[in-house]
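One structure below.
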Number of protein chains: 2
Amino acid sequence: MSAPAWKKIHDHVLAKIRAGRWVEGDRVPSEAELCERFGVARMTVGRALRELVAAQVVVRVKGAGTFVAPPRHHATVVEIRSIADEIAASGRRHETEVLLLEKSAADAALAVLMGVKRGARLFHSRLLHRDDGVPRQLEERWVNPALAPDFLAQDFTRTTPNEYLTRAAPLEQVEYGIEARQPDAETRRRLAMGRDEPCLLLRRRTWSRGRVASAARLWHPGNRHQFTGRF
Amino acid sequence: MSAPAWKKIHDHVLAKIRAGRWVEGDRVPSEAELCERFGVARMTVGRALRELVAAQVVVRVKGAGTFVAPPRHHATVVEIRSIADEIAASGRRHETEVLLLEKSAADAALAVLMGVKRGARLFHSRLLHRDDGVPRQLEERWVNPALAPDFLAQDFTRTTPNEYLTRAAPLEQVEYGIEARQPDAETRRRLAMGRDEPCLLLRRRTWSRGRVASAARLWHPGNRHQFTGRF
DNA sequence: GAGTGGTCTAGACCACAAT
DNA sequence: TTGTGGTCTAGACCACTCC
C-alpha cells in the first residue's frame, strides 16, 4: 500500500524544489540529516538522492553537499517514428511502392555525403509510402554496399529499409535535419501535392562500424504531415 | 582508478546484450548468480541491474527474473532548443525585437486552444528573433494570465518568454507539432523571405498545474533554418 | 579535522512467480 | 516450496571539500 521509504524522501525533496522553497544553488539537507529526519539508513537516502540526480533535479559534489540544480533546459524533444510504425499504430493500412531499386555510382556530392570515393558503387532506392492509399512519404535513400550487402535483394513491399538496416548494420550514430522545402516537379507529382504546397523534409544519415551506412531524404506533403507528440 | 564494482557488472551485462550473445527475452543471470560470479553483495548487483532497467536494456519481473528488453524503438529523437540558446551556443549575437505585447480576448479558436472561455483575457506577444542581425524566428504566443501574471511586465529584449515561463509556471506537459507552411505576407516580410520560400513551423502548447499555460507558433525561414542534431 | 558524498557488505523481511 | 526481485539496515572505508 505505502510507497517505499526512498520514494517518500525523493518526493519530499522534489516537492520542496518544485514549490520554490529551495531554489537553484541552495543546499539540500545532507544524507545524515535526512537519515535522522526520516529515520532510515544512509543507503535509503542515497537512493532517493541518486534518482534526483538522474532527473537533473539536484547535483551532488563529493565532500561539499547536495545542491538544487539549475532549472532544466527547456528543450522540446521530438520523437520521429518510422512512417510504417506510425501508420500501423494508427490502425491504418501502410503500403510501399518501390519506384526504384538499383546500383548507382557516387557523384561528387554523394561521395562527400556517404564518405566514399567518387565513382564508388552505392545502392539507391526510391520508395513511396501510402497511408490508406494516400501518399505520405517519398523516401530516397543511398546505402553503403559494404555495410548492407543484401539491400537490393530485400522486398520493400513487405519490410522497410529501416528494419533491414537496423538488423544488418548496428546503429552507432545518427545525424538529422528537418527543413521546409519546395519539392521538385517529380516529388510534387508523386506526393499528389498542390502547386504552392511546401514539403517537410527530414534528412538523416546513419553510421555503423565507423562509416556512413545510409543517407536518406524523407519528403512529406506539408498539409498532410506533421511531426507531433506530447510528453 | 578502477571503476566501481556495480559499473563493471553493468557493463558486463550490457556488452553481452549489445554483442547479441543474449537476445530479446533471454533470461539474464539472477542477482544471486551475479553475486557469486563477481564476488559482491546483492545490493551491488541490484544497483547494476537497476541502471540497466533505467536504460531500458532489461526488464525485471518480481518472482520471475531479469530479461533482455525488446530492442529499443528505432526512432529519431530531435531535440529543439530555444532559439536564444541555439544562437548563443554558436557564439553569435541574439537579439529580440518586441513587435507586440498586449492583453487580448480569446476568440473561438483561441478559447479551444487555451482551454478557456470565449472572451477570456489572454496575454499575447509577437517577437522577432535575430541571429547576428538576420531574422531567424517569428514567435507568436498566447499566455494564460492566471499562470503567468507578470508576463506583460517582462523585458523580452533581455530575457525570453521561455525563460520567464519556466520560472513562473513549472512545466508539466508539452504538446508540439512541426509542419511546413506557406507564411502569410506579414510573416514573409518580417522574416525577409523570398517569394516561394516555405516556412518551418513549430507549434507548441505547454501545461502547468493542469491548465494550458502557453501556446506558441514559431515560424522559421525554410532556407535559413533547420532543426538538426546528432547522437 | 569535521563534514560530505560514493561505494560496499552481510545480513534481513517481504511479495510474487513458477513449480 | 523454491527462487526471484524490491527494499531496507547498521555498520564500514574511502576521497574529497571546506575551514
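Fair warning: this is a prediction, and the values are worked out from it, not measured in the lab.
B/His94 and B/Arg136 form no side-chain donor-acceptor contact under 3.5 Å, judged by distance and modelled atom types alone. Side-chain contact, B/Glu51 with B/His10: no donor N or O sits under 3.5 Å from an acceptor N or O. Judged purely by distance below 3.5 Å, without hydrogens or angles, the side chains of B/Arg27 and B/Thr66 never pair a donor atom with an acceptor atom. Side-chain contact annotation: A/His129 with A/Glu95, donor-acceptor N/O pair under 3.5 Å absent. Donor-acceptor pairing under 3.5 Å is recorded for the side chains of A/Asp155 and A/Thr157.
One finds no side-chain N or O of A/Arg50 lying less than 4.0 angstrom from the OP1 or OP2 phosphate oxygen of C/dG6. One finds a side-chain N or O of A/Thr66 lying less than 4.0 angstrom from the OP1 or OP2 phosphate oxygen of C/dG5. Phosphate contact (OP1/OP2 of D/dG3, side-chain N/O of B/Ser30, threshold under 4.0 Å): absent. For the OP1/OP2 pair of C/dT9 and a distance below 4.0 Å, the side-chain nitrogens and oxygens of B/Thr44 include at least one atom meeting the criterion.
The interatomic distance linking A/Phe67 (CZ) with C/dG5 (C1') rounds to 11 Å, in whole Å. Remark: C1' of D/dA10 and CE of B/Met43 are 13 Å apart, rounded to the nearest angstrom. Straight-line distance from the CZ atom of B/Arg27 to the C1' atom of D/dG3: 9 Å, rounded to whole Å. For the pair B/Glu31 CD and C/dA17 P, the computed distance is 17 Å after rounding to whole Å. Atom CG in B/Leu34 sits roughly 13 Å away from atom P in D/dG6 (whole-Å rounding). A/Arg60 has its CZ atom 15 Å from the P atom of D/dT17, to the nearest Å. Distance, B/Lys8 NZ to C/dC8 C1': 13 Å, rounded to whole Å. Taking atom CD on A/Glu33 and atom P on C/dA2, their separation rounds to 18 Å, with Å as the unit.
Comparing A/Gly39 and A/Arg42, the nucleotide of DNA chain D nearest to each residue sits closer to the 5' end for A/Gly39.
A/Arg47 comes within 4.0 angstrom of the backbone, heavy atoms only, and of no base.
Distance from the side chain of B/Trp6 is smallest to C/dT7 among C/dC16, C/dT7, D/dA15. When each of D/dG6, C/dT9, D/dA10 is scored by its nearest atom to the side-chain atoms of A/Ala41, the top-ranked nucleotide is D/dA10.
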